Amino acid sequence: MPDADLECSSIPLGSMQRVDHDSFLQRLAALFKSSQDVGSIWLTHKRLTHDGEDAEMHPTGDETREYPCLIRATDGGKVNFSTTVDSSELDKFHTAYGTLLKASMVTVLRKRDKKREKQRAEEIARRKRRLAEEIAIEGAKRGNGRHKRQRRMKAASKQEESRKRAQEREEAKSRAKSS
């Protein structure tokens, strides 16, 4: 059951309630606590360009104006609240907000599976080594050893194709990094 201070009976479902910074952080902590086992929380950050006044077209050279930041939190249902933070107070708010997020996410985030990452890295290294090794084509063209020779020739052609694909991937990565 959600906390009593999260619900506001005077506000209809789905409407966003704007609160001050401290109330926002308190409610967000309560929201994290209530949805710790089950549920999702959506956090939204955006620049607030419209604050209730009529929208006006400004010349393109008006880049000196500083806009407040609108931060929203919702559980996708009946809990919706937001706050606006002026640019002068943004660093202070983000410090408290970041601390709250880190403290709330510690229990939610899954630890990295280092063993699996290590296995994948070893598998990639093994594939690269196999690509680097030459396949020795030996055996008679006719008679005994003919099938073995054919299998090795087929493996050598597959290896050459794999080398070409790997080289193309590396070139594509280098082009993507340079651009």
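The structure displayed is predicted, hence computed values, not measured ones.
Taking NZ of Lys33 as the reference point, atom CG of Leu28 lies at 13.5 Å (rounded to 0.5 Å). The line from CD1 of Ile41 to CG of Leu31 is 4.0 Å long, rounded to the nearest 0.5 Å. With rounding to the nearest 0.5 Å, the separation of CD in Gln17 from CZ in Phe81 is 9.0 Å. How far CG of Leu70 is from OG1 of Thr83: 8.5 Å, rounded to the nearest 0.5 Å. The distance from atom CD1 of Ile71 to atom CZ of Phe93, rounded to the nearest 0.5 Å, is 4.0 Å. Rounding to the nearest 0.5 Å places OG of Ser87 at 3.5 Å from CD of Glu66.
Between Ser157 and Glu160 there is no side-chain heavy-atom pair separated by less than 4.5 Å.
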Full working for side-chain contact (heavy atoms from CB on, under 4.5 Å) between Asp75 and Ser35: CA-CA 8 Å; Asp75 67 347; Ser35 64; 6.0 Å; no

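Cluster membership for Met153 and Leu131, using ILVMFWY side-chain heavy atoms within less than 4.5 angstrom, is not shared.
Heavy-atom minimum distance, Gly77 versus Asn80: O-ND2, 3.6 Å. When all heavy atoms of Ala156 and Ile137 are compared, the closest pair comes out as CB-CD1, 4.2 Å.
The 12-atom threshold is exceeded at CZ of Arg126, counting heavy atoms of other residues, nucleotides or ligands nearer than 6.0 Å. Within a 6.0 Å radius of CG in Asp20, more than 12 heavy atoms belonging to other residues, nucleotides or ligands are found.
Side chain of Gln26 to backbone of His21: no donor-acceptor contact under 3.5 angstrom is found. Under the 3.5 Å distance criterion, the side-chain polar atoms of Thr74 are matched with a main-chain donor or acceptor of Val79. Between the side chain of Ser23 and the backbone N or O of Val19 there is no donor-acceptor pair closer than 3.5 Å.
Residue pairs satisfying the salt bridge (charged side-chain N to carboxylate O under 4.0 Å, His left out) criterion with at least one member in residues 141-155, sequence neighbours excluded, are absent.
Listed by chain and number, the residues in a salt bridge (charged side-chain N to carboxylate O under 4.0 Å, His left out) with Arg127 are Glu123 (sequence neighbours excluded). Residues meeting the ring-ring contact (aromatic ring centres under 6.0 Å, His included) test with Phe32, sequence neighbours left out: none.
Relative orientation of the His94 and His45 rings is perpendicular, given thresholds of 30° and 60° on the angle between their planes. By the 30° and 60° cut-offs, the orientation of the rings of Tyr97 relative to Phe24 is tilted.
For the salt bridge (charged side-chain N to carboxylate O under 4.0 Å, His left out) with Arg163, the lone residue among Glu133, Glu134, Glu168, Glu170 that qualifies is Glu134.
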